[in-house]
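Structure record follows, encoded as structure tokens.
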Amino acid sequence: MTAEDTIHISSAVVSVLPEHRDAVLRALAALPGVEIHQRDASKIVIVMEAAESGILGGRLAEIASWQGVLSANMVFEQVERSADIGD
């Protein structure tokens, strides 16, 4: 890792069918670089980290294809230098 390495941090909302929520939560918890921050019956708020924006987009596309997921949409993305955040 160099001082110029960056980390992309994104929040997203995952909309689910209520009967699939718990299975989706378990699958999200198993993904690397994904943290679950809020949930209700049909919406899950996650934060993702990755070295490249494309990784985040690919991860959202994967999540959107899961059974019981209605949508997975990025809400916010920020890019930080790894050296600035201590990684």
Side-chain angles (χ1 to χ4, degrees):
M1 182 176 304
T2 69
E4 298 304 317
D5 288 339
T6 58
I7 186 153
H8 294 251
I9 303 167
S10 172
S11 61
V13 175
V14 181
S15 297
V16 299
L17 295 171
E19 61 270 25
H20 291 271
R21 186 192 79 145
D22 290 343
V24 172
L25 285 168
R26 286 190 297 275
L28 288 169
L31 286 177
V34 175
E35 295 180 11
I36 299 166
H37 280 270
Q38 189 63 263
R39 69 196 77 168
D40 69 14
S42 61
K43 301 246 188 281
I44 303 168
V45 176
I46 60 174
V47 173
M48 303 181 294
E49 291 183 11
E52 299 175 11
S53 183
I55 294 171
L56 297 175
R59 194 171 289 152
L60 277 176
E62 176 190 349
I63 293 168
S65 72
W66 292 351
Q67 183 176 8
V69 173
L70 301 173
S71 64
N73 296 308
M74 186 178 294
V75 176
F76 176 80
E77 182 178 358
Q78 181 170 340
V79 180
E80 295 284 341
R81 288 181 346 130
S82 296
D84 291 343
I85 59 172
D87 278 353

Open item on the list: For residues Leu31 and Val69: do they belong to one hydrophobic cluster (side chain heavy atoms under 4.5 Å, members Ile, Leu, Val, Met, Phe, Trp, Tyr)?
Closed with: yes

Roughly how far apart are [X] [atom1] and [Y] [atom2], rounded to 0.5 Å?
X	Y	atom1	atom2	value
Ile9	Ser53	CD1	OG	12.5 Å
Leu25	Ile36	CG	CD1	5.0 Å
Ile7	Glu80	CD1	CD	9.5 Å

List the atom of [X], the atom of [Y], and the distance in Å for their closest heavy-atom pair.
X	Y	result
Ser10	Met74	OG-CG, 3.1 Å
Ile55	Ala50	CG2-CB, 3.6 Å
Arg59	Glu49	NH1-O, 3.4 Å

TODO: State which residues pass side chain to side chain contact (heavy atoms under 4.5 Å, CB included) with Leu17; sequence neighbours excluded, sorted by chain then number.
DONE: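 Residues passing side chain to side chain contact (heavy atoms under 4.5 Å, CB included) with Leu17: Glu19, His20, Leu70.
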
Task: Counterpart residues, side chain to side chain contact (heavy atoms under 4.5 Å, CB included), relative to Glu35 (two or more places apart) - done: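 For Glu35 the side chain to side chain contact (heavy atoms under 4.5 Å, CB included) partners, ignoring immediate neighbours, are His37.
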
Open item on the list: I'd like to know whether CD of Gln38 has more than 12 heavy-atom contacts from other residues, nucleotides or ligands below 6.0 angstrom.
Closed with: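 Open: at most 12 neighbouring heavy atoms sit under 6.0 Å from CD of Gln38.
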
Name each donor-acceptor pair under 3.5 Å that joins a side chain in residues 40-47 to protein atoms two or more places apart or in another chain, with its distance.
from: Asp40; atom 1: OD1; to: Ser42; atom 2: N; distance (Å): 2.9
from: Asp40; atom 1: OD1; to: Lys43; atom 2: N; distance (Å): 2.7
from: Lys43; atom 1: NZ; to: Ser15; atom 2: OG; distance (Å): 3.3

